[in-house]
Protein chains: 2
Amino acid sequence: MPLPETIDGRFSYEGLDRLIHEKARLSVLTSLVAHPKGLAFPDLRRLCGLTDGNLSRHLAVLQEAEFVDLEKGYDQNRPQTICRLTPKGRTRFLQYLGVLEQVVRDAAKGAGKSAEIARVMTGPFPEPT
Amino acid sequence: MPLPETIDGRFSYEGLDRLIHEKARLSVLTSLVAHPKGLAFPDLRRLCGLTDGNLSRHLAVLQEAEFVDLEKGYDQNRPQTICRLTPKGRTRFLQYLGVLEQVVRDAAKGAGKSAEIARVMTGPFPEPT
DNA sequence: GGCATCTACTTTACGATGCAAAGTTTGAGT
DNA sequence: ACTCAAACTTTGCATCGTAAAGTAGATGCC
């Protein structure tokens, strides 16, 4: 007999769409939601700490999913790609965020010491071992 | 010239350790932090909505990283694996959570409408297209 | 003019990895 | 003895993230 609180799928978080959950794309989408007017490729690259190739690929994936719109033009005779969230991308991202908030709530409740989270997050990160 | 707010790495979220960030393992760790006494393999499988093979593999990864402790014993003459967070796993998970909270804050601030998040998260999820 | 350099991307290639399906082992039921 | 089921583990494939290499055009320098 399962424990009473072990409800099927209680912690499955179906809403964590892989398309969005991936770290690099999460960075990109968060950057874009914070800059509704759009961001140029180089700015986005710097903000997210990504390489050119990386950003290019992730943007292609997000564009394929119609989460972002890429406006390719020229600025000062140089190619310039402006990236923007589409309404669809925005909606999906906000849904995803709702699930993330749920994760944080569940975990904080489980840990029972949200103060500990606040404390621990201010410190430096340990080296991966 | 980059926009003034495009600080290098502002949205790079280095703390999103892949080991933890992966959806299935995030489920597992959240379940475990919510059940400090540990969880049996089948309960964990149900909670996280994972298949046997999936859970087994992710647990092995988490054990390798020393984030979980697997106590393999018997209950009613049947094999029973009890899974628990190690102190190290707990600490790392809480650090990760801090970063997640930062993501949610950044995004909510960017979206400028946290009410919208709350509203949207209560609805059903759209079919992936 | 020619050559190197820089920016702004894109493409390629490979190694990692998530996931499902099949396999194993032990036990209970009939 | 035979079947079914639980509790995992192992295998294999196909996806995917990432680094490195490649492309194209503009600028600077001599």
Side-chain angles (χ1 to χ4, degrees), chain A residues 1-3 6 8-9 12-14 16-29 38-65 67-84 128, chain B residues 1-3 6 8-9 12-14 16-29 38-65 67-84 128:
Chain A
M1 186 177 59
L3 298 173
T6 58
D8 281 20
S12 65
Y13 305 122
E14 308 277 321
L16 293 186
D17 187 345
R18 195 117 198 287
L19 217 65
I20 301 179
H21 190 61
E22 166 65 27
K23 178 181 153 183
R25 288 192 292 261
L26 183 53
S27 289
V28 168
L29 293 173
L39 281 168
F41 187 100
D43 289 335
L44 202 47
R45 170 167 43 76
R46 273 191 297 272
L47 272 174
C48 301
L50 294 169
T51 61
D52 286 1
N54 243 319
L55 178 55
S56 182
R57 199 151 189 309
H58 287 301
L59 283 179
V61 171
L62 290 171
Q63 185 186 31
E64 173 67 20
F67 284 8
V68 303
D69 177 53
L70 303 180
E71 181 187 328
K72 303 193 182 194
Y74 284 87
D75 179 52
Q76 245 92 305
N77 279 343
R78 289 174 165 289
Q80 176 170 253
T81 305
I82 302 282
C83 314
R84 269 181 267 269
Chain B
M1 184 177 60
L3 298 174
T6 57
D8 281 20
S12 64
Y13 304 123
E14 309 276 322
L16 293 186
D17 187 346
R18 262 203 93 157
L19 218 64
I20 301 179
H21 189 61
E22 165 64 26
K23 178 181 152 185
R25 288 191 293 261
L26 183 52
S27 288
V28 168
L29 292 174
L39 281 168
F41 187 100
D43 290 334
L44 203 46
R45 168 165 46 74
R46 273 190 299 271
L47 272 174
C48 300
L50 294 169
T51 60
D52 287 0
N54 243 317
L55 178 56
S56 182
R57 198 149 188 306
H58 287 301
L59 282 179
V61 170
L62 290 171
Q63 185 185 32
E64 172 66 20
F67 285 7
V68 302
D69 178 52
L70 303 180
E71 180 188 330
K72 304 194 180 192
Y74 284 86
D75 179 50
Q76 245 90 305
N77 277 344
R78 290 179 163 285
Q80 174 169 252
T81 304
I82 301 282
C83 314
R84 268 181 266 270

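Throughout, protein chains are lettered first and strands after them, A, B, ... in sequence-line order, and every chain is numbered starting at 1. The analysis underlying the following values was restricted to heavy atoms, covering all of them including side chains, and did not include hydrogens, waters or symmetry mates. Predicted, not measured: the structure shown is a model, and the values here were computed from it.
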Decide yes or no for B:R25 and B:R57: does some side-chain heavy atom of the first lie under 4.5 Å from some side-chain heavy atom of the second? no
It should be established whether A:T81 places a side-chain nitrogen or oxygen under 4.0 Å from OP1 or OP2 of nucleotide C:dC9. yes
Measure NZ/B:K72 against P/C:dT24 and give the value in whole Å, please. 18 Å
Where each residue is assigned the nucleotide of DNA chain C containing its nearest heavy atom, which of B:R78 and B:D52 is assigned the position nearer the 5′ end? B:D52
What is the distance, rounded to the nearest whole Å, between atom CZ of B:R45 and atom C1' of C:dA20? 15 Å
Supply the atom-to-atom distance A:H58 NE2 to A:Q63 CD, rounded to the nearest 0.5 angstrom. 15.0 Å
Distances under 3.5 Å between protein N/O atoms and the N/O atoms of nucleotides 14-18 of chain C, please, pair by pair.
residue: C:dG18; atom: OP1; partner: B:R25; partner atom: NH2; Å: 3.2
residue: C:dG18; atom: OP2; partner: B:R25; partner atom: NH1; Å: 2.7

Figure out the CG/P separation between A:L44 and C:dC9, and round it to whole Å. 10 Å
Which heavy atom of B:G38 sits nearest a heavy atom of B:R84, and at what distance? CA-CG, 3.6 Å
I need the minimum non-hydrogen distance between B:V28 and B:L44, along with the two atoms involved. CG1-CD2, 4.1 Å
Atom pair distance, as rounded to whole Å: CG in B:D75 and C1' in C:dT26: 14 Å
List the atom of B:Y13, the atom of A:S27, and the distance in Å for their closest heavy-atom pair. CD1-OG, 3.7 Å
With a 4.0 angstrom cut-off to heavy atoms of chain B, pull out the first and last contacting nucleotide of DNA chain D, in 5'-to-3' order. D:dA6 to D:dG17
Is there a donor-acceptor pair closer than 3.5 Å between any side-chain N or O of A:R45 and the backbone N or O of A:D52? no
Which atom pair, heavy atoms only, marks the closest approach of A:S12 to B:C48? CB-O, 3.3 Å
Between B:D75 and B:R78, does any side-chain N to carboxylate O distance fall below 4.0 Å? no
